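To start, the structure itself, in structure tokens.
Quick caveat, the model's predicted, so the values are computed rather than measured. Atoms considered below: every heavy atom in the structure, side chains included; atoms not considered: hydrogens, waters and symmetry mates. Letters A, B, ... mirror the listed sequences (proteins, then strands); counts begin at 1.
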There are 2 protein chains.
Amino acid sequence: MVLCEKCGSDKNVIKSGFIRGQQRLYCKACEVHFTMNLPQKGVNKPIRQVTIVDIAKALGVAPSTVSRALNGSSDINPQTRLEILRVATEMDYRPNLLAQSLHRGETHTIGVVIPDIERPFFAAVLAGIQKVATGAGYRVMICQSNESHSTETLNVQALVASRVDGLLISHSKETTSFEHIKLQLKKGLPIVHFDRVCYDIETSKVVQEDFDGSFALVEHLILQGCRRIAVCAGPRELLISTTRLNGYKAALAKYGIPLDEELIYHSNFKKGEPVLALKAWLELDQKPDGIFAVHYANAVDMIMELKRLRIQIPEQIAVVGFGDELIASLIEPSLTVFHLFPFNVGETAATLLIDNIIHKDTFEPVVKKVKGELIIRESSLRTTSL
Amino acid sequence: MVLCEKCGSDKNVIKSGFIRGQQRLYCKACEVHFTMNLPQKGVNKPIRQVTIVDIAKALGVAPSTVSRALNGSSDINPQTRLEILRVATEMDYRPNLLAQSLHRGETHTIGVVIPDIERPFFAAVLAGIQKVATGAGYRVMICQSNESHSTETLNVQALVASRVDGLLISHSKETTSFEHIKLQLKKGLPIVHFDRVCYDIETSKVVQEDFDGSFALVEHLILQGCRRIAVCAGPRELLISTTRLNGYKAALAKYGIPLDEELIYHSNFKKGEPVLALKAWLELDQKPDGIFAVHYANAVDMIMELKRLRIQIPEQIAVVGFGDELIASLIEPSLTVFHLFPFNVGETAATLLIDNIIHKDTFEPVVKKVKGELIIRESSLRTTSL
DNA sequence: TGCGTTTCCGAAAACGTTTTCGATAGACTT
DNA sequence: AAGTCTATCGAAAACGTTTTCGGAAACGCA
């Protein structure tokens, strides 16, 4: 009743189980299995993008010829090339970057891992990265770690899975183990650290004047007459916190001012913290006459609290901070800061990375320091010293 | 003297031109061309990532079997699967997303085009997008148009070339022609507009309470006793500028306050502009007693200038603005704003887009409005009205 | 006119997956 | 014991490029 596909006879055809829901048949004579494949209804395929093969067919040439024409390579008749280019633009051909990347083994994409895109510092870094990357023909893929070590690890894995050509990373404050980075570095992935770097790993790094900036700010306070300078430092785990704290200590040492552990507070970027620290300081027998905040946001919080307490700034307590957001110049009193150049950090890091990608074999790790600038404003400038 | 590769004899071998720098030979008997390929020195290949084929070889099975094991699909012996998974983790196998994407025709990546990543509003939107996208297993690729129409077009093309599965876009202020979007939409690319949308295109959109927010702010000013309310509007080209301006007009109309064109200024996001506008207003015979700035930054600039001129806020002139950045609460007087929720905007837009991607066929465009909130602060609250 | 050359182009492999199709072994059924 | 079935696996095509290799035609030269 059912004919064999091959011999056309139904003599030797027997059933032979089911396969994917369909009855399967077997012709003993021909020793062949087959199914009665019903004419599948025309599934209207989604609109495909034009491919090289489409162009080749349209012109009756081989795909390789089209590829040659498009890549401006040699070994092609100028006339043929022009013709191909004409048809290509006519059909609005766009090369499939996925296919290209798969073949070439490079994606022309760099991955970026930052703790938080909403922090103006990192947003500006991103802008700098984007500028350089775009200029060099690279795309950028961004991930946020949200200050979590595990998320950071996942981010790195995701970017590696996307086969980025290189990685820019500023670590989360939780990150104390760096195996996820070392692993990729060992596999040959170019990596550049910025801002929150790690010196245990042999990567290029872009840092800021964390030590020098602290030193300059604290020295400035001292020159303004401050002798008991409190510091709102960053999380203990972060290297830059330590570096900035060291700048503070060095400035005190230079002027022979004793270090008082009671005046050192480690903030954790949590809301309300700095105010608590401030209150503790104000209850000391010897109150501070100057405050150095490692992060401008903390400085701002403290200024607001000081104003609420009707403590004169800078006469009773002078305040300085790191990082110059717009806000530093707008609050009253305006805030003396060590101005950072995050856009520069981004540019520098991206430049280093792309260099590393291009000269993978010969590249030697470099550490670059982006200059900052001391901007003196009302919060620390005592009229008495004028 | 040179032996034919095929017959081994040198009888019929003749030279036959050069090819890629090498002498080419021809055996007349065998009718075959060949070159004397010198033993190329072992180019040490770069470290490759482990592939499915590597796993297959290690276990003596077919690549397809490995694929089945990894994808948790059917048609595989549980023991075989476990064995394959064991070896896969042992070899630290990571699927090549490029190859997967190429095959599947989808990248699990969404593209985002924004005018400027450094604007806190857009940074927050991005954070919202990232959260939703990551949660749904999508990666995010970000481009900045820098408020340029041509850059925006290039951005879109680049993202399409990267074969993103969908597009989130907030237009540059230069953009008045939308062909680049319509083209992609016609090709079937899911697109969602947010913030700076365009109603000429049949896309889903996420907007804010531009009209209602303006209305609320201006009504608030009126209720505080203002009768001549100046407005610092946005660029004429932007739809949201018009919408916000309409909210302003509607509020005036409701209370029978005549519209005065002299009190309408169109800002262009350029530094110093708002101050000039303010000066012009102050030279009018009938000075304004209230100012509504469509963008909080303009409001801040004006407050600073008003303070410099020693004009009382809010007694002489009350000020309100759109968008609640941290700064609005920190300057003095603190600024009354219509608080936006950019993170929400990002979340909503990404949710819509991913829905659109997944249900490509049945999806119907939607317009969603993200609620805002009027926050009354010192810059507009007149004690007399208490 | 036969050897040597250059120019242009096509076939096919390769990148790393997934998916389709079908083969085979063994078990179950009558 | 033949017919039927299921479970499991391999081969090969496909995704869209680029690149390598080699063939063929056309041309120059002795």
Enumerate donor-acceptor pairs with a distance under 3.5 Å from any side-chain N or O in residues 355-362 of chain A to protein atoms, sequence neighbours excluded.
from	atom 1	to	atom 2	distance (Å)
A/H359	ND1	A/D355	O	3.3

With a cut-off of 3.5 Å and sequence neighbours excluded, list every side-chain donor-acceptor pair involving residues 57-64 of chain B.
none

For residues 131-142 of chain B, which side-chain donor-acceptor pairs fall under 3.5 Å, sequence neighbours excluded?
from	atom 1	to	atom 2	distance (Å)
B/K131	NZ	B/E347	OE2	2.9
B/T134	OG1	B/Q130	O	2.7
B/R139	NE	A/S162	OG	3.2
B/R139	NH2	B/T107	O	2.6

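Regarding contacts with the backbone of D/dT8, every side-chain N or O of B/Q79 stays at 4.0 angstrom or more from both OP1 and OP2. Between B/K28 and C/dC3 there is a side-chain polar atom (N or O) within less than 4.0 angstrom of OP1 or OP2.
Distance CE (B/M91) to P (C/dG16): 13 Å, rounded to an integer number of Å. Going from atom CD of A/E83 over to atom P of C/dC9 covers 12 Å, rounded to whole Å. Computed from coordinates, the B/F18 CZ to C/dT5 P distance equals 5 Å when rounded to whole Å. Put simply, CD1 on A/I14 is 6 Å from C1' on D/dG3, counting in whole angstrom units. With rounding to whole Å, A/L25 atom CG is found 9 Å from D/dT4 atom P. At whole-Å resolution of the value, CG in B/N77 and P in C/dA27 are 14 Å apart. Taking atom NZ of A/K57 as the reference point, atom P of C/dG10 lies 15 Å away to the nearest angstrom. Note: OH (A/Y26) to P (C/dT24) measures 8 Å, nearest angstrom.
For B/F34, the ring-ring contact (aromatic ring centres under 6.0 Å, His included) criterion is met by no residue, not counting sequence neighbours. A search for salt bridge (Lys or Arg N to Asp or Glu O under 4.0 Å) contacts involving B/E90 returns B/R86, not counting sequence neighbours. A search for side-chain hydrogen bond (donor to acceptor under 3.5 Å, both in side chains) contacts involving B/S150 returns B/S148, not counting sequence neighbours. In terms of the side chain to side chain contact (heavy atoms under 4.5 Å, CB included) criterion, residue partners of B/Q79 (sequence neighbours excluded) are, by chain and number, B/N77. Shown here are the salt bridge (Lys or Arg N to Asp or Glu O under 4.0 Å) partners of A/D54, two or more places apart in sequence or in another chain: A/R48. With sequence neighbours left out, the side-chain hydrogen bond (donor to acceptor under 3.5 Å, both in side chains) criterion links A/E152 to A/H171, A/T175, A/H180.
Of all the heavy atoms in B/E31 and B/Y26, the pair that sits closest is CA-OH, 3.5 Å.
Heavy atoms of B/L102 sit under 4.0 angstrom from at least one base atom. Across all strands, A/S101 comes closer than 4.0 Å to no nucleic acid atom at all (heavy-atom distances).
At a threshold of 4.5 Å between non-hydrogen side-chain atoms, the residues B/I201 and B/I191 do not count as touching.
Taking the screw axis at each terminus of the helix from C/dT1-D/dA30 to C/dT30-D/dA1 from five consecutive base pairs, the angle between the two is 60° to within rounding of 10 degrees.
Remark: side-chain polar atoms of A/D165 are paired, donor with acceptor, to backbone N or O of A/H108 under 3.5 angstrom.
Mapping B/R81 and A/Q49 onto DNA chain D via the closest heavy atom, the residue that lands nearer the 5' end is B/R81.
Within residues 153-162 of chain B, no residue places a heavy atom under 4.0 Å from DNA chain D.
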Summary of protein contacts for nucleotides 17-23 of chain D, nucleotide by nucleotide, where a base hit scores B, a sugar-phosphate-only hit scores S (4.0 Å, heavy atoms): BBBBBBB
